[in-house]
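Beneath this line is the structure, given in structure tokens, with notes to follow.
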Amino acid sequence: MQAGSGPCLFGLRPHPLSFLPLFEMSTSPVRVRFAPSPTGYLHVGGARTALFNWLFARREGGTLVLRVEDTDAARNTAAAQAAIVDGLRWLGIDWDEGPEKGGPHAPYHQSQRGEIYERYFQKLVDAGHTYVEENGAVRFRSPKEIIILPDKIGGDIKIDRTEEPDMTIRRPDGSFIFHFVNVVDDIEMEITHVIRGEDHIYNTGKHIELFRALGAEPPVYAHIPLILNADGSKMSKRDQGAAVGYYQEEGYLPEAVANYLCLLGWSPKDDREILTVEEILPLFRWENMGHSNAKFDLEKCGWMNAQYLAKLDTPSFDHLAIAWLLRRTEPLPGTDSPELVGALALIKPKIKSFRELAEHLPMLFLDDAPVSEEARGKLATQAGLKDRLTVLLRHLDGVEGGTAWTAAALQAAVAAAAAELGVKPGALMFPLRVLATGQAHGVDLLPALEWLGKTASMRRLQARLDGGQIAG
RNA sequence: GACCCUUUCGUCUAACGGUUAGGACACGACCCUUUCACGGUUGUAAUACGGGUUCGAUUCCCGUAGGGGUCGCCA
């Protein structure tokens, strides 16, 4: 292809899409893998690693393998594996070979690949690369060399193995160690590129020794910088947002989370931030990868989600919102109301994630939701408020019910009340909001009252006014 | 501690060796608005420090400091 430099001579230019490897979708030599160990939840760092592998595989028309590294029988759980698979799927990551999918290199659980490891282990033993400890553990005799790792992201990285002790590759109980099985599987599964976290750089020295001892060419490596907590420490399960499950539960859109994750350690090199995977794909190149760790900013991730939510069309939003509501073990008010869709239309432009439905629905559907501290506090200083609100309610009550009860009519009533009281209409709106919802923040107020209808609105407004919950 | 990687606004990041160092989140102000928001405009805010190389350094080199990673019979 033209490598995108310089203007093209139109007559000589190939078709704009001619560089796409359409016909070699399945014959691309590129094979990458994501290899989680099912000992816990799917970490955002792991999710990003998976995403980058996926992006690279798709961009190259290659193959993504999902391999479950479950050699530590004591720590593996089925629940963890389910959570990881579920999280990947949720993010839109699909694999070509692996669990639930099969493939030419099955099985894809290391716990089921014992025979293969045994075979490779024997090769190592026969070639004299190993020795046995007194307790039965087997170690690999390191050549003790300085290894230069040609990393796609970090450049040439020096790894001094001359002083390192020999690594154990097999425990006394016969089970194999991570380094060994990882390398054997990468050989067996014909992995061409290893894209993983920077925390593996030193392991790579060990791995390269193993590849060489087994007579195999090491893959191309790309070590990506890590994702850190807001305070600069390693993200742990205690940190909010560290697990992909958090975003599923909070009602984030996977596209938004994936987009945000891509921006940690990768950049389109221009000012764009909201990018679909289709837009990211052609720009996913090593030159566009960052070299330093990134701190995770949940606030910005939330902002991005709000952007995606806002772009959703109404049917999609309703569908997803309702799905989220139905997943809850504790139903929210209005969940099975026929008025729900109307409420969702009011709420849609206001929320960052579906989780916030839990704040909006009660104030829309409950007549007696308690008045919040904040709302009460903001009204406390307003003398004579109750009298003014009485006047306001009188005007509102003057509006016809039924189809005449519209936001526009209500606005006129508020204006009339304001005129009578000699105040600006705006001055009445906040107290009215508190009367209607008990909250200081929320959806567009007058449309909300229209949605509620006259009977319910007046009942609620009058009750809160009489209840004396606001402005004593 | 040793070794490796890394360092641009608080955070994520952009800038063929020549820019008033740009964008986004967050924060402040103003505008819009009947309220809460959205949005628009705008403001505060960065090249870690010290040496080189160069006419010229955020950019290349060295050192120092900070940060992160690794140093398992975990993965």
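Just the heavy atoms: all of them, side chains too, but no hydrogens, waters or symmetry mates, feed the values below. Everything numeric here is computed off the predicted structure, so don't read it as measured data.
In this structure, A:Asn135 reaches the bases: a heavy-atom distance under 4.0 Å links it to at least one base atom across the strands shown.
With hydrogens and angles left out, the side-chain atoms of A:Asp185 and A:Gln110 include a donor and acceptor closer than 3.5 Å.
If you check B:rC30 for Watson-Crick or wobble pairing at under 3.5 angstrom, you find it paired to B:rG40. In this structure, B:rA48 and B:rU64 make a Watson-Crick or G-U wobble pair, each of the two defining distances being under 3.5 angstrom.
Applying the ring pair (Phe, Tyr, Trp, His ring centres under 6.0 Å) rule to pairs touching residues 143-170 of chain A yields nothing, sequence neighbours excluded. Sorted by first and then second residue, the pairs that involve residues 134-154 of chain A and meet ring pair (Phe, Tyr, Trp, His ring centres under 6.0 Å), not counting sequence neighbours, are A:His129-A:Phe140. Sorted by first then second residue, the side chain to side chain donor-acceptor pair (under 3.5 Å) pairs that include residues 405-416 of chain A, not counting sequence neighbours, number zero.
The aromatic rings of A:Phe296 and A:Tyr260 sit perpendicular to each other, their planes meeting at more than 60°, with 30° as the lower class boundary.
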Contacts under 3.5 Å, N or O only, protein and nucleotides 28-34 of chain B:
unit_1: B:rU34; atom_1: O4; unit_2: A:Gln411; atom_2: OE1; d: 3.3

For nucleotides 36-40 of chain B, list the nitrogen or oxygen atoms of the protein found under 3.5 Å from its nitrogen or oxygen atoms, one pair per line.
unit_1: B:rC36; atom_1: O4'; unit_2: A:Arg433; atom_2: NE; d: 3.3
unit_1: B:rC36; atom_1: O4'; unit_2: A:Arg433; atom_2: NH2; d: 3.3
unit_1: B:rC36; atom_1: O3'; unit_2: A:His441; atom_2: ND1; d: 3.3
unit_1: B:rC36; atom_1: O2'; unit_2: A:His441; atom_2: ND1; d: 3.4
unit_1: B:rC36; atom_1: O2'; unit_2: A:Gly442; atom_2: N; d: 3.4
unit_1: B:rC36; atom_1: O2; unit_2: A:Lys350; atom_2: NZ; d: 2.6
unit_1: B:rC36; atom_1: O2; unit_2: A:Gly442; atom_2: O; d: 2.7
unit_1: B:rC36; atom_1: N3; unit_2: A:Lys350; atom_2: NZ; d: 3.0
unit_1: B:rC36; atom_1: N3; unit_2: A:Asp444; atom_2: OD1; d: 3.3
unit_1: B:rA37; atom_1: N3; unit_2: A:Lys350; atom_2: NZ; d: 3.3

Using nucleotides 62-69 of chain B, report all nitrogen or oxygen pairs with the protein that are shorter than 3.5 Å.
unit_1: B:rG68; atom_1: O2'; unit_2: A:Asn293; atom_2: ND2; d: 2.7

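Annotation: of the two residues near RNA chain B, A:Tyr260 and A:Ala137, the 5′-most nearest-nucleotide partner is A:Tyr260.
Evaluation of the ring pair (Phe, Tyr, Trp, His ring centres under 6.0 Å) rule for A:Phe56 yields A:His193, A:Trp286 as partners, not counting sequence neighbours. A:Tyr308 pairs by the ring pair (Phe, Tyr, Trp, His ring centres under 6.0 Å) definition with nothing, not counting sequence neighbours. Annotation: ring pair (Phe, Tyr, Trp, His ring centres under 6.0 Å) contacts of A:Trp303 (sequence neighbours excluded): none. Legend: residues meeting side-chain contact (heavy atoms from CB on, under 4.5 Å) with A:His43, ordered by chain and number and at least two apart, are A:Tyr41, A:Met235. Remark: A:Tyr247 pairs with A:Tyr252 by the ring pair (Phe, Tyr, Trp, His ring centres under 6.0 Å) rule, at least two apart or across chains.
Close to B:rA14, at under 4.0 Å from its OP1 or OP2, lies a side-chain N or O of A:Lys269.
Spacing between B:rU13 and B:rA46 at atom C1', rounded to whole Å, works out to 12 Å. Look at the P atom in both B:rG18 and B:rU59: the space between them is 11 Å, to the nearest Å. B:rG69 and B:rA29: their C1' atoms are spaced 43 Å apart (whole Å). As rounded to the nearest Å, B:rU7 and B:rA48 have C1' atoms that lie 7 Å from one another.
Checked against the 6.0 Å centroid threshold, A:Phe180 and A:Phe176 count as a close aromatic pair.
Only A:Lys158, A:Thr168, A:Arg171, A:Pro172, listed by number, bring a heavy atom of residues 158-172 of chain A to less than 4.0 angstrom from any atom of RNA chain B.
Separating the CD atom of A:Glu133 from the C1' atom of B:rG72 is a distance of 13 Å, rounded to the nearest angstrom.
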